[in-house]
Amino acid sequence: MAEAERFALIDCNNFYVSCERLFNPKLEGRPVVVLSNNDGCVVSRSSEAKEAGVKMGVPLFKITDLIKQHGIVTLSSNYALYGDISERIMSILRNFSPSQEIYSIDECFLDFSGIADGLAHGRLIRQTIKQQAGVPVCVGIASTKTLAKLANGTAKKSTECGGVFDISALTDRQRLELFAAAPVGDVWGIGRKLVERLEAIGVHTVKEFHDSDLDKMKELFSVVVERTIRELRGQSCLAMTEIAPVRKQILSSRSFGTYVYELGDLEQAVATYMATAALKLRADESLAGALQVFIKTNRYAAPEDLYSQTATVTLKNPTDDSIQLVKAAISALRQIYKKGYAYQKAGVCLLDLSSINERQLSLFQSEASVSRSEKIMKLMDATNSTMGRGTLYLAAEGQNHRWQIKSNFKSPEYTTSWKELPIAHAK
DNA sequence: TCTGGGGTCCTAGGACCC
DNA sequence: TCTGGGGTCCTAGGACCC
């Protein structure tokens with residue numbers, strides 16, 4: 001008999017908050033939230049903050065009273081730190097299965113097929129990560145990815161299961177009871193809009209969704225919804241993908257710390273974002289064939305103050321050269337800039353990406369000019385990598401970034417910056 | 001005063017071709 | 001004058017995820 005497929009989903013609890021606590025144990029037991037870029041809204045909450053009533057994604061200015069009332073600690077996000085902790089955790093997890101798919105910064109799937117006692121293996125994982133990385137995780141196990149996600153949600157909510165939950169160990173009846181008690185919005189891939197539409201046709205629980213008619217749901221919704229129902233029924237439609245496919249686009253954008261009015265400031269911002277995007281492009285060993293630039297006012301502004309425009313440029317020759325990309329981006333920006341608006345955000349997007357190994361020189365492009373550009377970019381990237389970000393930059397990026405984001409509560413880069421290594425004091 | 005950023009996939013609709 | 005319909009490709013926008 002063929003072995004039954006099984007997946008485990010390992011997900012860190014309150015990941016960003018857990019990372020902050022590693023280096024600042026005083027945060028243990030206290031309500032803590034981590035904020036998005038620009039200190040805009042809440043992106044991670046400790047259990048104490050959840051209990052205090054802080055909702056996910058809420059803007060900071062709406063919870064000033066709650067913060068005072070409960071003494072909630074607010075922290076700016078520190079992505080260099082979270083990325084570093086994530087890498088450590090993922091490399092530990094790699095040892096627990098022949099196949100791992102890293103799904104996001106704080107979660108991965110492991111192939112659990114053929115593991116006799118999934119629950120025991122899950123508990124071992126949980127214990128090991130806590131011990132070696134200091135971060136609490138939960139483990140969900142099931143015969144499909146969608147069910148493993150659901151199992152992980154149960155592991156997080158339930159107090160009895162000790163952070164590990166296996167749907168494939170349930171009887172049919174137990175499984176249906178679990179489905180009947182869960183709202184359909186708990187299912188991976190069913191977001192706010194779909195919940196609205198599903199409820200309108202009388203589907204409220206996971207069980208009702210699971211029991212619905214496949215053909216009808218495909219017709220009413222989409223092939224994705226149909227596939228999700230199949231997965232809930234135990235028919236695996238989503239396989240493990242161990243090698244992350246190459247990115248198809250690279251986006252770099254930021255909200256400004258204060259409104260921006262002048263073209264000159266926007267040009268600096270767009271040049272800076274493009275330099276960031278181009279660095280990622282070179283790290284991927286890709287070339288961009290096209291790029292987009294967008295600028296927008298605050299989307300909550302009055303209708304007469306709203307403006308949002310995108311310009312797309314197709315490049316004659318695909319490139320990874322920051323200088324060329326910045327030039328193209330700035331000329332695109334000049335086409336869409338309109339004076340008189342309070343701009344709140346700008347960004348660039350690299351599109352039509354191809355592998356550098358498949359570069360084709362056009363008639364008008366000499367090998368010499370390409371290799372000169374390569375040398376300059378290599379020098380710039382190497383310098384910035386050893387001497388620190390921003391050591392070498394393009395003149396267009398400018399110096400006085402009046403528009404730069406706010407980051408008022410940022411923790412030090414404990415693990416990724418020599419200057420900010422924590423100091424251990426002997427008692 | 002103050003509302004994130006970076007991705008993916010799917011669909012609808014227009015352009016174009018035969 | 002009469003002016004189809006199916007296929008494909010591309011793009012913009014929406015929905016979703018973390």
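Below, read A as the first sequence line, B as the second, and so on, with proteins coming before strands; counting in each chain starts at 1. Worth knowing before you read on, the calculation uses all heavy atoms, side chains too, and leaves out hydrogens, waters and symmetry mates.
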Separation of dC17(C) atom P from R192(A) atom CZ, nearest Å, is 11 Å
Look at the rings of Y16(A) and Y82(A) and say which category their plane angle falls in: under 30° parallel, 30 to 60° tilted, over 60° perpendicular.
parallel
Exercise for review: Decide, yes or no, whether a salt bridge links E374(A) with R359(A) under the criterion of side-chain N to carboxylate O below 4.0 Å.
Suggested key: yes
For nucleotides 14-16 of chain B, tabulate all protein N/O to nucleotide N/O atom pairs closer than 3.5 Å, reporting atom names and distance.
none

TODO: Scan side-chain atoms only and decide if D111(A) and S99(A) contain a donor-acceptor pair under the 3.5 Å cut-off.
DONE: no
**Item:** P atoms of dC18(C) and dT3(B), separation to the nearest Å
**Value:** 24 Å
Q) Touch check for Y103(A), heavy atoms < 4.0 angstrom, all strands: base, sugar-phosphate only, or nothing? A) sugar-phosphate
ask   = Does dC18(C) have OP1 or OP2 sitting under 4.0 Å from an N or O in the side chain of K149(A)?
value = yes
Taken to the nearest whole Å, CH2/W403(A) to C1'/dG4(B) is 16 Å
N384(A) meets the side chain to side chain contact (heavy atoms under 4.5 Å, CB included) criterion, sequence neighbours left out, with M380(A), T391(A), L392(A)
The side-chain hydrogen bond (donor to acceptor under 3.5 Å, both in side chains) partners of E267(A) (sequence neighbours excluded) come to R334(A)
Separation of dT11(B) atom P from E226(A) atom CD, nearest Å, is 11 Å
Taken to the nearest whole Å, CD/Q309(A) to C1'/dA12(C) is 12 Å
So side chain to side chain donor-acceptor pair (under 3.5 Å) across residues 121-140 of chain A, not counting sequence neighbours, yields none
Q) Within the structure shown, what part of the strands sits under 4.0 Å from L35(A) by heavy-atom distance: base, sugar-phosphate, or nothing? A) nothing
Residues 152-162 of chain A vs side chain to side chain donor-acceptor pair (under 3.5 Å), sequence neighbours excluded, gives D11(A)-K156(A), N152(A)-K156(A), K157(A)-D186(A)
By side-chain hydrogen bond (donor to acceptor under 3.5 Å, both in side chains), R94(A) pairs with (sequence neighbours left out) Q100(A)
Sequence neighbours excluded, the answer for side-chain hydrogen bond (donor to acceptor under 3.5 Å, both in side chains) partners of R389(A) is none
note: Y16(A), atom OH; dG6(B), atom P; distance rounded to Å ~ 12 Å
Those stems involving DNA chain B that have three or more consecutive Watson-Crick or G-U pairs, both distances under 3.5 Å, are B:5-18 with C:5-18
Hits for ring pair (Phe, Tyr, Trp, His ring centres under 6.0 Å) against F221(A), two or more places apart or cross-chain, chain-then-number order -> none
Q. Between S76(A) and D39(A), does any side-chain donor sit less than 3.5 Å from a side-chain acceptor?
A. yes
Quick check on the 6.0 Å ring-centre criterion: do F109(A) and W188(A) meet it? yes
Any protein N or O atoms within reach of nucleotides 7-10 of chain B? Criterion: under 3.5 Å, listing atom names and distances.
unit_1	atom_1	unit_2	atom_2	d
dG7(B)	OP1	R247(A)	NH1	2.5
dG7(B)	OP2	L251(A)	N	2.8
dT8(B)	OP1	K248(A)	N	3.2
dC9(B)	OP2	K248(A)	NZ	2.9

Are there any protein N/O atoms within less than 3.5 Å of an N/O atom in nucleotides 1-3 of chain B, and if so, which ones and at what distance?
unit_1	atom_1	unit_2	atom_2	d
dC2(B)	OP1	Y259(A)	OH	3.1
dT3(B)	O2	Y300(A)	OH	3.3

The reported gap from CG in L287(A) to CG in L353(A) (rounded to nearest 0.5 angstrom) is 9.0 Å
Exercise for the section: Have a look at I105(A) and say if it touches a base, only the backbone sugar-phosphate, or nothing, with a 4.0 Å heavy-atom cut-off. Expected result: nothing
Residues at least two apart in sequence or cross-chain that pass side-chain hydrogen bond (donor to acceptor under 3.5 Å, both in side chains) with R230(A), listed by chain then number, are E226(A), Q235(A)
Taken to the nearest whole Å, NZ/K296(A) to C1'/dG4(B) is 12 Å
